[in-house]
Amino acid sequence: MEKLIIEGGRPLHGVVRISGAKNAALPLMAATILTPGRHILRNMPDLRDTRTFVRLLENLGAKSERTGDTLILDTTHLLHTEAPYELVKTMRASVLVLGPLLARFGRAKVSLPGGCAIGARPINLHIMGLERLGVTCRLEGGYVDAAIDGPMRGNVIYFDNPSVTGTENLLMAAVLAEGTTVLKNAAREPEIGNLVDMLNGMGASIEGRDTDKLTIHGCSRLKSADCSIIPDRIEAGTYLIAIAATGGSGTVTNCTPAHLPSLLEKLRGAGLMIAETDTTIHISWPETVGEKPVIGNVDIKTMPYPGYPTDLQAQFMALMALSSDTCVINETIFENRFMHVAELHRMGAKIKIDGHFAVVSGRGLHGLSGAPVMATDLRASSSLVIAGLAASGRTEISRIYHLERGYENLIEKLTGLGAKVWKEQE
Ligand code: UD1
């Protein structure tokens, strides 16, 4: 196993280019199952999770070919309709193959993802929606075994909770259904808009992009896809917070600022200056003569998009730990999403947890010190990286495979911003 070493306390400065979004890449790859053919996916990030998804598709019989950041998936000859536990357990998003396998073959057997580090994460809404389309789902031996004779039949589906992958699964199921399907209280994350664009480009008819009501007019056939993956808003947000936390300044490029409305407001609220173009964000501290920047009081509440993203909660907590005030986080999406707190304590942070609230008593911009810490999940790990970059001295983060699930070329990108960071064997 490898660990990440950071010599902290150096302000980050410079330019960092954002990769394609992991959470858009996975559903777009799943959508290639829908119809036989060679599908072209551009701006594809090379991550542990995207590689796992390619393995999952190859396990079904697909062929893959990668040139630079373009991935070609040939799903002409799929032989199986089962996603085994060994693959699903490492990546919950594997459940995304359920909808498209049912749409193309009328059957699918997918291992239940089970619990994970950030909570129970059920898939009841995916199953409820498929049943509304006429699918029979049996839960047996840790698997959901789903089947339907003939095409699915359009229906109205209401989500109690606007589930992101649930919305994506049902979109993919409904595009080849007979008649019209309406998804109400659907999730509105930009990654869903990316999937809608891909499916419409393949010949589907979906109305209501970026709204909580998606209307899908079923069609009988689709054509191959040629589609580009949107920039990763969570990666962009992570670098912005890292630059802010180290008292630096810099520009993230190849991103979509319009996909980060809540984070940019919160950063402004903390005292940072933000300048946007259509594809770049420049972040800096106001000029202060002879004084260090002061991170002001700001609270966050995680919400479905366009609210503050739960996937940027842990990173913002590291920034709050460096503020000069008391800040509050209300995590409303997932239970157990404060795993990073115990590790931040080791670096000198003062944080109290009460249910889904965290109260962070800031220690000031230079209030953290380096320590050996352990990564527990993807976003918790990036919070430790940010804390390590801002802290004085040496931080060692073990179990960095979590980071490799979601951050492309992390070390190179941070080094490009002036960080001292490298990998070592444990
Ligand atoms: C997706 C993202 C993940 C992000 C999350 C919330 C991908 C691959 N992953 O995960 O990075 O943290 O959205 O923005 O895109 N729920 C149910 N029943 C269900 C499904 C969900 O009760 O069947 C609940 C969950 O427990 C949670 C909420 O709905 O409280 C939102 O979860 P959901 O949007 O489904 O998260 P994912 O799609 O798994």
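Whatever order the structure lists ligands and atoms in, that order sets their numbers, starting from 1. Each residue takes its place number in the sequence, starting with 1.
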Heavy-atom pairs closer than 4.0 Å: do any link ligand 1 to the side chain of [X], the backbone, both, or neither?
{"X": "Asp311", "answer": "side chain"}
{"X": "Tyr305", "answer": "neither"}
{"X": "Arg337", "answer": "side chain"}
{"X": "Thr165", "answer": "both"}

At a 4.0 Å threshold, what atoms of ligand 1 neighbour a non-hydrogen atom of [X]?
{"X": "Arg92", "value": "39 (O)"}
{"X": "His126", "value": "23 (O)"}
{"X": "Ile333", "value": "27 (C), 30 (O), 31 (C)"}
{"X": "Val164", "value": "1 (C), 13 (O), 15 (O), 33 (P), 34 (O), 35 (O), 38 (O)"}
{"X": "Pro122", "value": "17 (C), 18 (N), 19 (C), 20 (C), 21 (C), 22 (O), 23 (O), 26 (O)"}

Output yes when [X] and [Y] qualify as a salt bridge under the 4.0 Å nitrogen-oxygen rule, no when they do not.
{"X": "Arg209", "Y": "Glu189", "result": "no"}
{"X": "Arg55", "Y": "Glu58", "result": "no"}
{"X": "Lys22", "Y": "Glu408", "result": "no"}
{"X": "Glu404", "Y": "Arg48", "result": "yes"}
{"X": "Asp49", "Y": "Arg405", "result": "yes"}

Is there a donor-acceptor pair under 3.5 Å between the side chain of [X] and the backbone N or O of [Y]?
{"X": "Glu168", "Y": "Leu195", "value": "no"}
{"X": "Asn330", "Y": "Phe357", "value": "no"}
{"X": "Asp377", "Y": "Ala380", "value": "yes"}

Option set Ala187, Pro27, Ser163, Ala21, criterion heavy-atom distance to atom 21 (C) of ligand 1, minimum:
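The option holding the nearest heavy atom is Ser163.
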Does any N or O of ligand 1 fall below 3.5 Å from an N or O anywhere on [X], backbone included?
{"X": "Asn23", "value": "yes"}
{"X": "Thr310", "value": "no"}
{"X": "Leu125", "value": "yes"}
{"X": "Glu168", "value": "no"}

Please name the pair of heavy atoms, one in Cys227 and one in Leu28, separated by the smallest distance, quoted to 0.1 Å.
SG-CD2, 3.8 Å
